[in-house]
Amino acid sequence: MKADLIVGIQWGDEGKGKIVDHLAQNYDAVARYQGGHNAGHTIVVDGKKIALHLIPSGVLNKDAINIIGNGVVVSPKALIEEMKQFDNLKGRLFISQKAHMILEHHIAIDRAKERLRGSKAIGTTGRGIGPAYSSKVERSGHRIGELRDIEKLSSSLMDYFDMNRDILKTLKIEIPSKEQIKEELMLYKEALLPYISDTTKLVWDLLNDNKKVLLEGAQGTLLDIDHGTYPYVTSSTTISAGACSGLGLSPKDIGKITGIAKAYCTRVGNGPFPTEDFGEDGKKLRERGHEFGTTTGRERRCGWFDAVACRYACRLNGCDELAIMKLDVLDGFKKVKICVAYEIDGKRVEDFVFDLDKAKPVYEEMDGWERSEGVRRFEDLPKNAQKYIKRIEELTSTKIGMVSTSPDRRDTILL
Ligand code: GDP
Ligand code: IMO
Ligand code: MG
C-alpha cells in the first residue's frame, strides 16, 4: 500500500486541518512529517472548534492512530499541554524517538534573534522552530528518545550550555542549572515515555499490512526552506518530498498527493506577497475569512489567488489534485481576481521567480457570485463560482478534487 499525502500550496493556513480530519475517517493512520507547534490546524465539528499544533489532525477519528514523525520538531511542553484535551491517547499516539526536541532555550534564541533582526525580522511564530532545526543540522540537538536516560541527556545539555555560554549571555538568555534541567526533563519523560516509539518501522509495518496511511504536511510550499520565499520561510522541507525524510519513507511509498489551496491567498509574518491587497478587498477577505492566526492570533495579510505560485507549487509537490478551500469567503464580491502572470521590469513572466519582491501581479477579473456557503454539490454552486474553479483548474493544469464551502467537515464538495 502507498501512503497518500496532504500538502499546503501557499503560505500555510490553507485549511489542511479540515481536509485531513475529513479524510481521516477513511484512514487507519495519520502522520505528521515536519514543522512543529508553529502549525495551527483547525477542525470544526458540529460548531465546536479544535486547534491542533503537533497532534495530527486524524485524532478525532477514534479508529485511526496518529504519528509524529522524526522530521517534526517537538516541544515536549507544548505537546503535553495539547494532549490534555484528549482522553486515552495510549495506543493512538506514537512519537518518533528520532524527532528533535524544542527546549526552552530554542524559544528564547528564536525571540532574541527576531529582536536583533529589527525591521528585517522574519515574523516567526516565536516557537523556537528555526533554532531547533539549526541544532539538529549543527549536530548539537537532542532527540525525544534521549528522554529514556535523563542523567545522560542532562549532562549532554549542560555540555551544550557550557560551550555556548558566551553566545547565550550576549543574547541575554539565562542558562538553567543541571538540577532545573533534570526536573523539567523528568516531567517530560513521565508524560511522554509511553508514546515514544520507532515510528519508521511502524509506518513500514502499516503499509506492509495494507493499512491506509495519510501524511499531513504543515505550513505551505511557499514557506519551504529551499523552494519558498527565502529567507522569509520556515526551517523545514514543507513540500511533499519532506514526507520521505520526515518519516523514513521512500519516494516509491507515496501515493496520491493532494495540494490544499485557499480560493485566495494569505500570509502571516513578513516577506514578499505579490497579490496582497492593501485596500478594501483585502480587509473584506480578512473579515469574511476570519484571517487571524490559529497559533499566534496575528492578523493574516490577505490578497487574491496567485495561479503562477500555485502552478509552481503543484509541480514541486507533484500534486495529483487540488482542494480549493474557503470558496465561501469570496461570496458577495462583485468581481474576483486571479493573478495569471507577473510583470517584472515591464516584462510579462509566467513562471515563479527568484526575486518575488519585484513581481507585480497581472490580473484576470471574473464576475463574482452571491452565495456558495454550505454548498455540498458542484452543480449547486452559482455558475460564476463554477467558472472560477474551472479557471483555476485550467491555469494550474491540476484537477480540482475538492472544494470547501465552510469550516464544517461536511461542507466539502467532492469532484
Ligand atoms: P491549516 O493550518 O492549513 O490547517 O489552516 P488553519 O486551520 O490555520 O486555517 C484555516 C481556517 O479556515 C480555519 O479556521 C478553518 O476552520 C477555516 N476553514 C477551513 N475551510 C474553510 C472553508 O471552506 N470556509 C471557511 N469559511 N472557513 C474554512
Ligand atoms: P500551518 O501548518 C502560516 C510562518 C510564520 C513566519 C515563518 C517562519 O498552520 O499552515 P517559524 O516560526 O516557522 O520560524 O516562522 O513561517 N509560519 C506559518 N504561517 N501557517 C503556518 O502553519 C506557519 N508556520 C510558520 O508566520 O512567517
Ligand atoms: Mg494554520
Side-chain angles (χ1 to χ4, degrees), residues 6-22 32 34-45 47-54 56-57 72-73 102 106-107 109-111 113-114 121-134 216-225 228-236 238 259-264 266-273 285 287-301 323-331 372-376 402-413:
I6 293 297
V7 64
I9 287 299
Q10 297 154 326
W11 283 284
D13 301 327
E14 298 92 347
K16 299 176 290 292
K18 166 172 168 167
I19 292 299
V20 172
D21 166 67
H22 177 87
R32 268 277 302 271
Q34 46 69 234
H37 64 312
N38 50 348
H41 298 176
T42 318
I43 300 172
V44 180
V45 187
K48 202 175 152 238
K49 208 173 189 172
I50 296 162
L52 298 168
H53 303 283
L54 278 163
S57 303
V72 177
V73 278
I102 299 184
H106 292 122
I107 294 171
I109 295 171
D110 190 4
R111 293 182 183 176
K113 291 209 170 161
E114 277 289 88
I122 293 163
T124 72
T125 57
R127 300 294 192 267
I129 305 297
Y133 277 118
S134 301
E216 176 182 17
Q219 288 81 52
T221 301
L222 304 177
L223 289 171
D224 181 87
I225 185 73
T229 52
Y230 192 90
Y232 298 99
V233 293
T234 190
S235 299
S236 63
T238 61
I260 313 295
K262 273 182 205 177
Y264 52 99
T266 64
R267 166 160 214 176
V268 218
N270 301 324
F273 178 3
L285 287 170
E287 278 159 15
R288 289 195 45 86
H290 304 289
E291 295 297 355
F292 299 90
T294 311
T295 298
T296 57
R298 288 180 293 176
E299 252 187 23
R300 294 177 185 148
R301 300 156 62 194
I324 299 296
M325 311 298 293
K326 303 186 93 161
L327 183 69
D328 54 296
V329 173
L330 298 181
D331 290 1
S372 69
E373 192 185 341
V375 170
R376 295 183 187 177
M402 282 179 272
V403 177
S404 169
T405 58
S406 102
D408 195 279
R409 185 193 270 170
R410 292 160 302 184
D411 292 334
T412 311
I413 300 171

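Just so you know, ligand 1 is whichever comes first in the structure, and atom 1 is the first atom listed for that ligand.
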Pairs of nitrogen or oxygen atoms closer than 3.5 Å, one from M325 and one from ligand 1: do any exist? no
Looking at ligand 1, does any of its N/O atoms fall within less than 3.5 Å of an N/O of E14? yes
If I compare all heavy atoms of P272 with all of Y232, which pair ends up nearest, and what's the gap? CD-CD1, 4.1 Å
Decide whether the shortest distance between a heavy atom of R267 and an atom of ligand 2 is less than 4.0 Å. no
In this structure, does ligand 1 have an atom that sits under 4.0 Å from one of the heavy atoms of M402? no
Is the closest heavy-atom distance from G40 to ligand 1 below 4.0 Å? yes
Of all the non-hydrogen atoms in the protein, which one sits nearest to atom 7 (C) of ligand 2, and at what distance? V233 O, 3.9 Å
K16 N/O to ligand 1 N/O under 3.5 Å: yes
So, for R298 and T124, which heavy atoms are closest and what is the spacing to 0.1 Å? NH1-O, 3.6 Å
Given that the side chain starts at C-beta and the backbone is N, CA, C, O, which of these parts of W11 lies under 4.0 Å from ligand 2, counting heavy atoms, or is it both or neither? backbone
Nearest heavy atom to atom 21 (C) of ligand 2 wins, so pick from Q219, H53, Q34, E14. Q219
Are S406 and ligand 1 in contact, using a heavy-atom cut-off of under 4.0 Å? yes
Just jot down the ligand 2 atoms closer than 4.0 angstrom to any heavy atom of A39, in number order. 1 (P), 2 (O), 9 (O), 22 (O)
Please write down residue, atom name and distance for the protein heavy atom closest to atom 12 (O) of ligand 2. T125 OG1, 2.6 Å
Which residue from R409, K262, K326 reaches closest to atom 21 (C) of ligand 1 through any of its heavy atoms? K326
Between the Mg ion (ligand 3) and G40, is there an N, O or S atom separated by less than 2.8 Å? yes
Numbering the atoms of ligand 1 from 1, which are under 4.0 Å from a heavy atom of S404? 20 (N), 21 (C), 22 (C), 23 (O)
So which heavy atom on R267 is nearest to which on F273, and how close? CB-CD2, 3.7 Å
Min side-chain heavy-atom separation V233-D224 under 4.5 Å: no
Stepwise side chain to side chain donor-acceptor pair (under 3.5 Å) check, D331 with S372: CA-CA 6 Å; D331 290 1; S372 69; 2.8 Å; yes
Identify, by atom number and element, the atoms of ligand 2 in contact range of G40, meaning under 4.0 Å from any of its heavy atoms. 1 (P), 9 (O)
Could you pull out, from T42, D408, I9, the option with a heavy atom nearest to atom 13 (C) of ligand 1? T42
Is the shortest distance from a Lys or Arg side-chain nitrogen in R376 or D411 to a carboxylate oxygen in the other one below 4.0 Å? yes
Nearest non-hydrogen atom to atom 25 (C) of ligand 1 belongs to which of D328, T266, T412? D328
Say whether R127, considering both its backbone and side-chain N or O atoms, lies within less than 3.5 Å of an N or O atom on ligand 2. no
The atoms of ligand 2 lying under 4.0 Å from a heavy atom of G269, numbered in the order shown, are 27 (O)
Atom of D13 closest to the Mg ion (ligand 3), considering N, O or S atoms: OD1
With heavy atoms only and a cut-off of under 4.0 Å, state how K16 meets ligand 2: side chain, backbone, both or neither. side chain
Atom 17 (N) of ligand 2 sits nearest the protein heavy atom L223 CD1, 3.8 Å
Atom indices of ligand 2, in the order listed, that fall short of 4.0 Å to a heavy atom of A218: 2 (O)
To which protein heavy atom is atom 26 (O) of ligand 2 closest, and what is the distance rounded to 0.1 Å? R298 NH2, 2.9 Å
What heavy-atom pair brings Q34 and S236 nearest, and what distance separates the two atoms? NE2-OG, 3.0 Å
Close side-chain approach of W11 and V268, heavy atoms under 4.5 Å: no
Residues K326 and E373 bridged, charged N to O under 4.0 Å: no
Does ligand 2 come near enough to T234 that some N or O of the ligand is less than 3.5 Å from an N or O of the residue? yes
For the residue pair K49 and T42, establish whether any side-chain heavy-atom pair is separated by less than 4.5 Å. yes
Below 3.5 angstrom, do we get any N/O pair linking G15 and ligand 1? yes
Let me know which of H22, K262, K18 forms a side-chain contact (heavy atoms from CB on, under 4.5 Å) with S404. K18
Top protein contact for atom 27 (O) of ligand 2, by heavy-atom distance: V268 O, 3.0 Å
For G8 versus T221, what's the shortest heavy-atom pair and its separation? O-OG1, 2.7 Å
Can T125 and R127 be said to form a side chain to side chain donor-acceptor pair (under 3.5 Å), step by step? CA-CA 5 Å; T125 57; R127 300 294 192 267; 5.1 Å; no
State which residue, out of T234, N38, D13, fulfils the side chain to side chain donor-acceptor pair (under 3.5 Å) condition with Q219. N38
Under 4.0 Å from one or more heavy atoms of H41, ligand 1 contributes atoms 1 (P), 2 (O), 4 (O), 7 (O)
Just jot down the ligand 1 atoms closer than 4.0 angstrom to any heavy atom of G17, in number order. 4 (O)
Classify the contact between D110 and ligand 2 as side chain, backbone, both or neither, using a heavy-atom distance cut-off of under 4.0 Å. neither
Polar-atom distance check: H41 versus ligand 2, any N or O pair below 3.5 Å? yes
Does a side-chain heavy-atom distance below 4.5 Å link T238 with V7? no
Looking at non-hydrogen atoms alone, which of L52, D13, I50 comes nearest to atom 10 (C) of ligand 1? D13
Check whether any heavy atom of G123 sits under 4.0 Å from an atom of ligand 2. yes
Counting non-hydrogen protein atoms only, what is the nearest one to atom 20 (N) of ligand 2? Give residue, atom name and distance. D13 OD1, 3.2 Å
I need the atoms of ligand 1 closer than 4.0 Å to a non-hydrogen atom of R300, numbered in the order shown. 8 (O), 9 (O)
Check whether any side-chain heavy atom of L54 lies under 4.5 Å from a side-chain heavy atom of V72, and answer yes or no. yes
At less than 4.0 angstrom from any non-hydrogen atom of K18, what atoms of ligand 1 do you find? 20 (N)
Identity and distance of the protein heavy atom lying nearest atom 15 (O) of ligand 2: T124 CA, 3.3 Å
Considering all heavy atoms, the nearest E216-S57 contact: OE2-OG, 2.5 Å
Can you list the ligand 1 atoms lying under 4.0 Å from a non-hydrogen atom of T405? 23 (O)
For atom 16 (O) of ligand 1, find the nearest protein heavy atom and state the residue, atom name and distance (0.1 Å precision). P407 CB, 3.6 Å
Atom indices of ligand 2, in the order listed, that fall short of 4.0 Å to a heavy atom of G12: 3 (C), 10 (O), 20 (N)
Please say whether more than 12 non-hydrogen atoms of neighbouring residues, nucleotides or ligands are located less than 6.0 Å from OH in Y230. no
